[in-house]
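This report refers to the structure that appears directly beneath it.
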Amino acid sequence: MSVCRDEYDVVVVGAGHAGTEAALAAARLGARVALLTANLDTVAQMSCNPAIGGVAKGHIVREIDALGGAMGRAIDATGIQFRLLNRRKGPAMHSPRAQADKRAYQTEIKRLVESQANLDLRQETAVDLVTEGSGDHVRVVGVRAEGDSAYLAPTVVLTTGTALRALMHLGEVQTPGGRAGEAAMAGLSQTLVRLGFQVLRFKTGTPARLNGRTIDYSETQEQPGDDDPQPFSFLTDKLQVQQLPCWITYTNKHVHELIRANLHRAPMYSGQIRSSGPRYCPSIEDKVVRFAEKSEHQLFLEPEGRNTLEVYVNGLPTSLPRDVQDRMIRLIAGCQRAHIMRYGYAIEYDYCPPDQLQPTLEAKRVSGLFFAGQINGTTGYEEAAAQGLIAGANAALKLQTRPPLILSRDQAYIGVLIDDLVTCGVDEPYRMFTSRAEYRLLLRQDNADRRLTPLARSLGLVDAERARRCEQKQAEIARVTQVLQAHRVEGATLAKCLQRPEVSWTDLIAWLPELAAVQREIAEQVVYDIKYSGYVMRQQEQVARQNRLADKRIPKDFDYSDISHLRTEARQKLARIQPVNLAQASRVSGVTPADLALVLAHLEGKLGHKP
């Protein structure tokens with residue numbers, strides 16, 4: 001047995017976006033936490049794009065913030081450009097996004113971690129899990145690190161990112177490592193296989209970074225930030241920030257011809273890489289092949305910070321050889337004389353299919369072991385951070401023998417994310433979209449605090465000041481709504497008038513000037529609540545119907561083999577997923593309404609069996 005370095009309640013392995021939120025959440029709940037990372041200088045590193053948020057991802061960041069997480073506050077403090085996407089669409093589609101000063105963001109998260117009570121940040125490389133028991137009764141009791149030391153704890157959260165048996169590809173060159181300059185982790189993969197977990201491989205990639213002083217921006221299109229930048233955190237009243245522009249350019253037929261001529265040297269097409277990559281963030285090689293009819297693809301030149309000239313080429317992930325990347329870049333408008341500072345590359349890495357997890361993100365196979373982030377087959381800082389917060393909170397709640405934090409699909413995008421993962425699994429790196437949420441009008445980014453902060457306060461995830469601000473906001477929304485219901489124009493209340501598509505808040509101010517004093521955030525919430533009340537009511541009725549299915553709980557030891565007429569596919573999938581209720585069972589791929597009817601009848605004893 002290794003020498004015991006210390007004893008904790010929770011050990012978090014990996015200090016990326018998932019790990020930091022996991023450690024912070026567990027510590028806020030009073031658990032004593034050790035956060036282990038191989039390199040203290042890469043805490044919360046933005047290893048790919050220097051941005052936070054985006055379509056649906058911005059919703060997740062606001063939900064993380066509403067639950068007391070760090071991501072929203074950190075990007076507000078370090079962002080260099082803020083934009084609200086999809087302004088021309090309905091409010092359910094509005095998504096905040098910000099360019100980050102990536103070094104400043106990393107430093108800010110590290111500061112928040114170091115300042116958190118109950119949390120010890122340690123530079124250690126985890127090599128093994130310490131477990132007890134056998135068969136169906138295995139539990140984790142700690143983590144073994146290099147140098148013959150151990151961190152003992154009854155709960156462990158694995159947030160290993162892309163490090164597990166990671167292999168980087170740059171043309172024909174292959175180098176072990178989870179990202180440039182960092183070693184791969186092999187020991188934990190072996191441990192997971194030994195413990196009986198299914199371990200598979202995914203691929204991701206990143207584009208080249210350019211020296212900004214070698215770019216001719218006059219040949220590109222400027223993309224400024226919003227004139228009225230909106231913060232991510234509900235604690236940030238107003239953003240006072242000097243914003244930096246991004247720039248838009250395009251690939252062209254000459255770029256595409258060069259890529260096609262060198263596909264035999266591209267790891268994805270030479271057979272060197274066999275793993276699946278992210279469908280919605282494909283390499284430029286994939287784009288050129290899959291969308292052969294397109295003569296150009298849009299690219300964004302994004303600054304990586306205020307104190308660096310390094311520029312990220314968003315839209316150009318590649319693992320083509322260096323010489324091809326050099327030629328490719330110089331065929332792009334504005335980049336004819338550009339110098340590459342870092343070459344793009346691809347990474348293959350291990351992940352554990354997430355249908356091996358419970359909705360709490362605790363492993364079904366090993367008690368006390370939680371997984372969060374890319375180890376679950378997801379992609380994106382935001383998706384990782386959300387999982388980290390939930391896993392860290394549930395690790396602490398488990399120790400306190402309190403009910404777990406499980407968000408439903410009608411409560412949060414985070415609930416959609418985790419339910420999708422544990423119920424359906426993944427066959428490609430998962431990223432969030434608004435289209436994945438069936439109740440997205442309820443899950444707007446602007447009302448995340450109203451949805452989640454009261455719950456977070458009841459658990460102890462947020463402090464009294466954040467809870468007070470949320471209560472104050474709710475009270476002011478109620479007050480303004482009552483004012484609109486009390487005042488009439490031409491026989492109709494202002495609230496009724498506001499339901500008309502052509503009537504805006506500006507019209508209401510013209511009818512009732514005192515409304516001009518209402519804060520913009522409050523006015524926005526009142527407008528959305530009233531204008532979309534009919535749609536919201538219909539979605540709430542759908543939620544109620546789904547909840548009736550959720551009320552039909554399925555015992556943990558339920559034996560699907562007892563249902564003689566249940567199809568083999570349904571029996572196998574339900575036995576593997578182990579849904580906690582009929583609502584989750586209905587979302588398992590391959591399970592039909594007829595299968596559900598048999599399960600329900602069995603649960604209710606109609607087939608001669610009492611659950």
I need the [X] [atom1] to [Y] [atom2] distance, nearest 0.5 Å.
{"X": "Leu459", "Y": "Leu455", "atom1": "CG", "atom2": "CG", "result": "5.0 Å"}
{"X": "Leu361", "Y": "Leu369", "atom1": "CG", "atom2": "CG", "result": "11.0 Å"}
{"X": "Lys364", "Y": "Gln578", "atom1": "NZ", "atom2": "CD", "result": "5.0 Å"}

Is the shortest side-chain heavy-atom distance between [X] and [Y] below 4.5 Å?
{"X": "Val33", "Y": "Asp9", "value": "no"}
{"X": "Arg194", "Y": "Thr191", "value": "yes"}
{"X": "Val13", "Y": "Thr159", "value": "no"}
{"X": "Ile60", "Y": "Glu383", "value": "yes"}

Residues [X] and [Y]: side-chain donor-acceptor under 3.5 angstrom:
{"X": "Gln272", "Y": "Arg274", "value": "no"}
{"X": "Thr318", "Y": "Gln325", "value": "no"}
{"X": "Asp410", "Y": "Ser408", "value": "yes"}
{"X": "Thr78", "Y": "Glu108", "value": "no"}
{"X": "Asp350", "Y": "Ser189", "value": "yes"}
{"X": "Tyr413", "Y": "Gln445", "value": "no"}
{"X": "Asn86", "Y": "Ser95", "value": "no"}
{"X": "Tyr269", "Y": "Asp286", "value": "yes"}

Indicate yes or no for a side-chain donor-acceptor contact from [X] to the backbone of [Y] under 3.5 Å, with no hydrogens or angles considered.
{"X": "Arg165", "Y": "Ala163", "answer": "no"}
{"X": "Arg62", "Y": "Asp449", "answer": "no"}
{"X": "Lys294", "Y": "Lys287", "answer": "no"}
{"X": "Lys102", "Y": "Pro50", "answer": "no"}
{"X": "Ser319", "Y": "Leu170", "answer": "no"}
{"X": "Asn314", "Y": "Asn49", "answer": "no"}

Apply the test salt bridge (charged side-chain N to carboxylate O under 4.0 Å, His left out) to residues Arg122 and Glu124: give CA-CA distance (whole Å), side-chain angles for both, the deciding distance (0.1 Å), then the verdict. CA-CA 6 Å; Arg122 298 283 181 84; Glu124 292 273 26; 5.5 Å; no
Enumerate the residue pairs fulfilling salt bridge (charged side-chain N to carboxylate O under 4.0 Å, His left out) with a member in residues 17-28, sequence neighbours excluded, ordered by first and then second residue. none
Closest non-hydrogen atom pair between [X] and [Y], with its separation:
{"X": "Leu461", "Y": "Leu67", "result": "CB-O, 3.6 Å"}
{"X": "Gly368", "Y": "Glu362", "result": "N-OE2, 2.6 Å"}
{"X": "Gln374", "Y": "Gly161", "result": "CB-O, 3.7 Å"}
{"X": "Gly392", "Y": "Ala25", "result": "C-CB, 4.4 Å"}
{"X": "Val55", "Y": "Arg431", "result": "O-NH2, 4.2 Å"}
{"X": "Arg144", "Y": "Val130", "result": "N-CG2, 4.1 Å"}

Do other residues, nucleotides or ligands put more than 12 heavy atoms under 6.0 Å from His137 NE2? no
Take atom CZ in Arg576; do more than 12 heavy atoms of anything else shown fall under 6.0 Å from it? yes
Go through Arg587 and Gln584 one step at a time and tell me if the side chain to side chain donor-acceptor pair (under 3.5 Å) criterion holds. CA-CA 5 Å; Arg587 295 188 291 272; Gln584 186 185 2; 5.9 Å; no
Before giving the answer on salt bridge (charged side-chain N to carboxylate O under 4.0 Å, His left out), spell out for Glu302 and Arg97 the whole-Å C-alpha distance, their side-chain angles and the decisive distance to 0.1 Å. CA-CA 13 Å; Glu302 301 174 344; Arg97 184 182 189 274; 3.3 Å; yes
Sequence neighbours excluded, every pair satisfying ring pair (Phe, Tyr, Trp, His ring centres under 6.0 Å) that has a member inside residues 371-399: His17-Tyr381, Phe197-Phe371
Check the pair Gln387 / Thr378 against side chain to side chain donor-acceptor pair (under 3.5 Å), numbers first and verdict last. CA-CA 10 Å; Gln387 294 169 72; Thr378 61; 3.0 Å; yes
Among Arg444, Lys57, Arg451, find the one that has a salt bridge (Lys or Arg N to Asp or Glu O under 4.0 Å) with Glu63. Arg451
Pick from Ile577, Leu421, Asn376, Ile418: which one makes a side chain to side chain contact (heavy atoms under 4.5 Å, CB included) with Leu357? Asn376
Going through the distances and angles, do Ser276 and Glu428 end up as a side chain to side chain donor-acceptor pair (under 3.5 Å)? CA-CA 6 Å; Ser276 299; Glu428 62 186 33; over 6 Å; no
Determine, for Tyr430 and Arg436, whether the Lys NZ or Arg CZ falls below 6.0 Å from the six-membered ring centre while staying within 45 degrees of the axis. yes
Below 30° counts as parallel, above 60° as perpendicular, anything between as tilted: where do the rings of Phe202 and Tyr351 land? parallel
